[in-house]
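Read through the structure below, which is laid out as structure tokens, and then see the notes.
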Amino acid sequence: MDKDLPLIGSLLELEQTFSRRAAAYRVLSGGVTVGSAVITCNESIHGTCEYSGFGHAYSLQYVPALQLKSYLSSRGEKTDNPYQIMCGGERVGKIYDTLSDGSFFNRYNYTHFELNGIVRSMFTVGLGREGVAYPIYAGQRQTALVEKDGIVRDNLDIYKITMIDASEAVPALLLALFVDLRCPAGIPGHS
């Protein structure tokens, strides 16, 4: 990430500005727009997301062949909602939901993220009426927190993102967009 770009503190907002067959977002830092994103096919599961900001442009694209392969795989190789991250026509990463190793009683779901050598894990913590928190980790160290309020107005989501430093902006934003990709508008349980 270009450190010369405006980033006030370590707080960003991903604000949805449009929600119909497509969804549009703007990324704000201190009230200044520093990025944008569009999700196509927002009315169905597995749309495509185009993100640009902080000197980068990425595309999140669903990979149905990986989903099919997962259905036929053993438990330790299961992935759900597999997306590839593209930049300039090249695959530069991947993102998917998976299940941890371990016994039935101590396994948990999480989101796996890789981008140009950066590996992160994101977890979902339901907070009841307060909303949902999505802590993001690099190994055992928390690097960011994405928060979504429990109240949504006009079907427009707002995600607040707190990071340890500016280098975590792109991974946290792509993970927040992935949350909306896997739960599009009009699908029960999604605002």
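Residues forming a side chain to side chain contact (heavy atoms under 4.5 Å, CB included) with Ala144 (at least two apart in sequence, or on another chain): Ile136, Met163, Ala172. With sequence neighbours excluded, the residues forming a side chain to side chain contact (heavy atoms under 4.5 Å, CB included) with Leu145 are Ala133, Pro135, Gln142, Glu147, listed by chain and number. Partners of Thr111 according to the side chain to side chain donor-acceptor pair (under 3.5 Å) rule, which considers only residues two or more places apart in sequence or in another chain, are Asp97, Arg182. In this structure Phe123 satisfies the ring pair (Phe, Tyr, Trp, His ring centres under 6.0 Å) test together with Tyr108, Tyr110, Tyr137, sequence neighbours excluded. Under the side chain to side chain donor-acceptor pair (under 3.5 Å) criterion, Gln61 pairs with Ser59, Gln84, not counting sequence neighbours. With sequence neighbours excluded, the residues satisfying ring pair (Phe, Tyr, Trp, His ring centres under 6.0 Å) with Tyr58 are His56. For Ser52, the side chain to side chain contact (heavy atoms under 4.5 Å, CB included) test picks out Ser36, Ala57, with sequence neighbours left out.
Both Tyr62 and Tyr51 sit in one connected hydrophobic cluster of ILVMFWY residues. Membership requires side-chain heavy atoms under 4.5 Å apart, directly or through other members.
The salt bridge (Lys or Arg N to Asp or Glu O under 4.0 Å) analysis of residues 122-131, with sequence neighbours excluded, yields no pairs.
Through chains of ILVMFWY side-chain contacts below 4.5 Å, Leu127 is grouped with Val125.
Proximity of Tyr25 to Ile39: side-chain heavy atoms (C-beta onward) are separated by under 4.5 Å at one or more points.
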Would you tabulate the side-chain donor-acceptor contacts of residues 112-122 under 3.5 Å, counting partners in other chains and residues two or more places apart, or write 'none'?
from: His112; atom 1: NE2; to: Glu114; atom 2: OE2; distance (Å): 2.6
from: Arg120; atom 1: NE; to: Glu168; atom 2: OE1; distance (Å): 3.0
from: Arg120; atom 1: NH2; to: Glu168; atom 2: OE2; distance (Å): 2.7

